[in-house]
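Atoms within a ligand are numbered from 1 in the order they appear, just like the ligands themselves.
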Amino acid sequence: MRMYDLIMKKRNGGELTTEEINYFIDGYTKGNIPDYQVSAFMMAIYFQKMNKRETADLTMSMVNSGEVIDLSEIEGIKVDKHSTGGVGDTTTLILGPMVAAAGVPVAKMSGRGLGHTGGTIDKLESFPGFSVEMPIEKFIENVNTKKIAVVGQTANLAPADKKLYALRDVTATVDNMSLIAGSIMSKKIASGADAIVLDVKTGSGAFMKEEESSFELAKEMVDIGTHVGRNTVAVITDMDQPLGYAVGNALEVKEAIETLKGKGPEDLTELCLALGAHMLVLGGKAENADEARKILEEIIASGKGLEKFKEFIEAQGGDSSYIDHPELFKTPSIVEVVKSKKSGYVKGIKADDVGKAALVVGAGRETKESVIDLSVGIVLYKKIGDFVKVDEAIATIYANDMDKKKVSEEMLLSAYDIVEEKIIASKLIKGIVTKDEIIKY
Ligand code: URA
Ligand code: CA
């Protein structure tokens with residue numbers, strides 16, 4: 001087999017066989033096929049697309065390019081959740097304890113973030129002493145006894161995807177349905193999930209700006225999951241503004257604590273209930289989403305979710321007294337409000353730009369080597385539909401460097417779109433895709 005022939009076949013609109021896809025993934029992972037051929041191949045796929053079978057084959061080939069985590073010693077149905085991008089996405093911190101409290105095992109492999117804010121692990125490290133370093137046996141034991149544990153991701157998870165994603169990123173071939181779907185699903189499948197709940201973002205801050213293409217992407221991923229025996233459900237949600245109010249590591253942890261107490265932002269709470277409900281159904285803990293939602297509401301109201309969060313933080317060496325005393329989290333030296341220069345209604349808040357404004361003050365990593373400042377970030381006060389007056393505070397910036405704070409402030413102000421006419425915020429949850437149906441709200 002020759003890579004040249006595969007490129008030509010796809011360029012001319014042909015369908016790749018399973019063997020051809022395996023040949024390509026294997027050769028590229030091992031370094032036998034050069035980047036320039038794969039670049040051309042990705043562009044051919046971008047224009048000619050792949051069908052369902054090719055997409056499922058690509059996914060499984062990427063799964064098998066590295067280690068496949070075996071979680072079979074964990075009792076129960078392991079349900080994983082994935083969000084397709086999102087700024088200051090705190091849902092994992094809230095959903096984990098909530099669904100664990102309902103008895104669904106949460107065995108999470110997580111990474112450190114690059115860009116915007118840190119990943120889940122960085123956020124959790126806001127608790128002094130918290131660690132994700134543990135032998136796999138300990139990880140499994142914790143999930144079996146406490147229903148929740150988070151461990152660092154092995155470097156060898158879907159290595160083909162790691163290489164391909166980096167190449168797509170610099171060859172303008174990221175936004176192809178099959179390639180995105182395969183990329184995301186390969187990592188979920190390799191990390192041992194039995195069932196998967198996807199949060200597919202739509203809107204200005206998402207890969208898919210149009211609702212219709214977001215539903216298509218969701219369907220593509222649900223079909224892959226179904227094809228390889230993983231029960232998969234996707235929830236399509238709005239990303240025309242950041243979720244919740246906090247963007248930044250310790251700030252998001254505090255927001256998660258508030259949400260587990262039932263006092264969190266409305267949109268964040270709603271999203272966690274919606275995603276969590278599907279996790280409970282797939283995990284076999286409820287008959288349907290309505291019943292599951294009631295269980296989760298009770299878990300918040302009774303404080304069981306917050307208790308589970310404490311138990312989890314302690315089990316991994318963290319100081320859980322911070323949960324009852326969030327004022328213990330370090331506050332940076334600069335805490336300043338940002339005042340609006342205009343008056344009117346908030347029409348949109350570019351989530352990416354808010355993310356960048358948080359990155360500038362040190363909440364995220366510009367390169368893999370950057371050191372994150374866990375204490376810094378942004379808390380928004382105004383969201384879509386809110387009225388704001390000139391000189392009224394729209395956000396607070398938490399920083400440790402005045403020059404960086406000033407840059408961040410400019411970025412934040414330009415992230416806001418403020419208009420004269422009254423704006424009605426659109427629905428957060430746009431619909432659901434399951435293996436049997438597509439429901440649009
Ligand atoms: N996230 C991924 O992991 N892969 C993609 O291709 C796009 C988003
Ligand atoms: Ca947030």
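Among protein heavy atoms, the minimum distance from atom 7 (C) of ligand 1 is reached at Tyr165 OH, 3.3 Å. Considering only non-hydrogen protein atoms, atom 3 (O) of ligand 1 sits nearest to Lys187 NZ, 2.5 Å.
Within the set Ser183, Gly182, Ser83, the minimum heavy-atom distance to atom 5 (C) of ligand 1 is found for Ser183.
With rounding to the nearest 0.5 angstrom, the CG atom of Leu164 is 8.0 Å from the OG atom of Ser183. In this structure, the separation between CD1 on Ile423 and CD1 on Ile418 is 11.5 Å, given to the nearest 0.5 Å.
Taking the ring centroids of Tyr28 and Tyr23, they lie at or beyond the 6.0 Å cut-off.
Side-chain contact between Arg53 and Glu15: present, with at least one pair of heavy atoms (C-beta onward) separated by less than 4.5 Å.
Using a 4.0 Å cutoff on heavy atoms, Ile184 counts as a contact of ligand 1.
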